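One structure below.
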Amino acid sequence: MAEEKKVQRKSIKATRKMGRIMAEYFYELDAAAKSGEKKIAWCTSVGPAEILRSMGFLVYFPENHGAMLGATRMATDVIPEANAMGYSPDICSYLTADVGAYLKGVTPMSKAYKGIEAVPRPDVLVYNTNQCRDVQDWFAWYAREFDAPLLGIHTHRGVGDVYDSHVKSIAKQMQDLIAPLEEVSGTRFDPQALRRVVELSRQCSDLWKEVLDTASHVPSPLTFYDGSIHMGPAVVLRGTRQAVDYYKLLLAELQERIAEGVAAIDDERFRIYWDGMPIWGRLSNHAKMFAALKTCVLASTYCNSWIFKAFDPDDPFTSMAKAYTELFIVRADTSKEKYIKDMLQFFKVDGVIYHDAKTCPNNSNCRYGMPQRLEEVTGIPSLIINGDLNDMRLVSDEQTKTNVEAFIEQLEENRQ
Ligand code: SF4
């Protein structure tokens, strides 16, 4: 058995800066909700944020709020409120936690940001079903609650190769959003403004990729747990100068770590790829558990989901359509397997952990034989952890710890 000792997570200096820009983001939304001076659009995490931002909306992401509910361990207490309204405990626990918190009149923002008492009221809600159908139902609930217009993009699912026909149909749906959004915003769509936002999103995406790619260095300067926290600006502030500046700062710090030989995990012995969502309520515990085992969980499908290589300011609608359809979560298993195989090689991985999140089949890739197929072609062993992103009643800490320790032991034996 690998020896376990008490460990602290190694802190990233840029975290303080991120805290400031995230606070500014939430306070700006809160001020707009209170004054009505700026319109607010709710958007799914891989929805058409660039269009909304270019039209002057402040953009709020309920999934980010769902993750905050998970990370602060408030989710489990509020989920039953949504269940009582007819939203099953088996569906997305971001949805049930978020709606449950709203029904209970609580938000983690009020603890983190003094003076913010509630989520910002939407003027319009815009989803893209590229990730799942749950987001449509989630936004529809709030559209009824706030009597606000609901707009959506309906994406192909299980896509192998992305063809022009896919891209054209999504680009057309994006263009069709403009007229109803002009009506809500009271402003005319400006193609130059969209160009500028897409350019900033592209820069953010490229820098975020560079940040995550630093983990290919041995030893890695970054863990998946750091990435899960530092992805905040890539999700909620892509398309802004703040996000670009932030990732320049973070990247410089990680490059400095590499230059100075500073590892995220002291004496890094094993390198693990994480597939699936974080278990938000156990982020810190898991970071410490793996560090104690001298194991760096260093890369993930999840954090990479906010890399959009296709963004092109010279062709914004087509490139956005392509970027938001090429996403891992939209794709067929054949494409996903190729992607993970390349990632395992790039990050020099010793083992793979699949998180089978009970309430998110969309982000759980171990239910149709993928781990076995990948293990056969790569020879890299894998482990499946049963759990959930937000509902801690579905997480067994003992079982997770026992399984992880046995897996690391297996990796150790394989080395001998
Ligand atoms: S992808 Fe999963 S976690 Fe995200 S909104 Fe959909 S069901 Fe929820």
Side-chain angles (χ1 to χ4, degrees), residues 42-49 59-72 74-76 78-79 82-83 85 87-102 119 122 125-143 150 152-159 224 228 231-232 234-236 274-283 300-308 324-333 336 339 354-368 385-395:
W42 286 22
C43 184
T44 47
S45 64
V46 280
V59 190
Y60 170 77
F61 298 85
E63 283 154 80
N64 175 249
H65 191 245
M68 285 168 79
L69 284 159
T72 53
M74 290 171 71
T76 308
V78 294
I79 285 171
N83 300 154
M85 294 278 294
Y87 288 82
S88 163
D90 291 336
I91 65 163
C92 172
S93 59
Y94 271 174
L95 183 168
T96 49
D98 185 62
V99 169
Y102 176 83
V119 296
L125 301 98
V126 187
Y127 62 83
N128 188 339
T129 59
N130 49 359
Q131 55 192 99
C132 61
R133 68 157 277 177
D134 298 58
V135 288
Q136 182 178 352
D137 293 275
W138 184 355
F139 278 36
W141 189 88
Y142 280 108
L150 176 67
I153 295 166
H154 296 91
T155 293
H156 313 270
R157 302 273 307 147
V159 175
F224 161 64
S228 298
M231 66 189 244
V235 179
V236 304
W274 180 277
D275 183 79
M277 299 196 67
I279 300 175
W280 286 111
R282 295 290 182 270
L283 210 61
S300 69
T301 312
Y302 183 66
C303 292
N304 278 48
S305 298
W306 282 268
I307 294 171
F308 306 102
Y324 287 123
T325 305
E326 277 177 352
L327 284 179
F328 180 91
I329 197 166
V330 184
R331 312 298 290 281
D333 273 13
K336 288 182 176 178
Y339 175 85
Y354 294 86
H355 173 205
D356 191 351
K358 168 83 169 147
T359 71
C360 180
N362 312 287
N363 262 320
S364 299
N365 295 299
C366 50
R367 297 184 184 182
Y368 298 89
I385 290 180
N386 294 105
D388 194 54
L389 46 140
N390 262 8
D391 191 341
M392 291 305 103
R393 292 170 299 183
L394 303 169
V395 173

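Ligands are counted one by one from 1 in listed order, and the atoms in each one are counted from 1 as well. Everything numeric here is computed off the predicted structure, so don't read it as measured data. Starting from 1, each residue takes its place in the sequence as its number.
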Tell me, do Thr359 and Met277 make a side-chain contact under 4.5 Å, heavy atoms counted?
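In short, these two side chains do not touch, never coming nearer than 4.5 Å.
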
Determine whether Arg331 and Tyr339 make a side-chain contact, defined as any pair of heavy atoms from C-beta on separated by less than 4.5 Å.
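They are not in contact (no side-chain heavy atoms under 4.5 Å apart), so the answer is no.
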
Top protein contact for atom 3 (S) of ligand 1, by heavy-atom distance
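For this ligand atom, the closest protein heavy atom is Met277 SD, 3.5 Å.
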
Taking the six-membered ring for Trp, are Tyr127 and His154 parallel (under 30°), tilted (30 to 60°) or perpendicular (over 60°)?
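Correct class here is perpendicular.
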
May I ask you to decide if the ring planes of His65 and Tyr60 are parallel, tilted or perpendicular, using 30° and 60° as cut-offs?
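Tilted: the ring planes of His65 and Tyr60 meet at 30° to 60°.
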
Only protein N/O/S atoms count here: give how many lie under 2.8 Å from atom 8 (Fe) of ligand 1.
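Protein N, O or S neighbours of atom 8 (Fe) of ligand 1 under 2.8 Å, waters not counted, come to 1.
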
For Thr44 and Asn128, test the side chains for any donor-to-acceptor distance below 3.5 angstrom and give the result as yes or no.
no

Smallest separation among heavy atoms of Asp134 and Leu95, with atom names:
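The pair with the smallest heavy-atom distance is O-CD1, 3.6 Å.
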
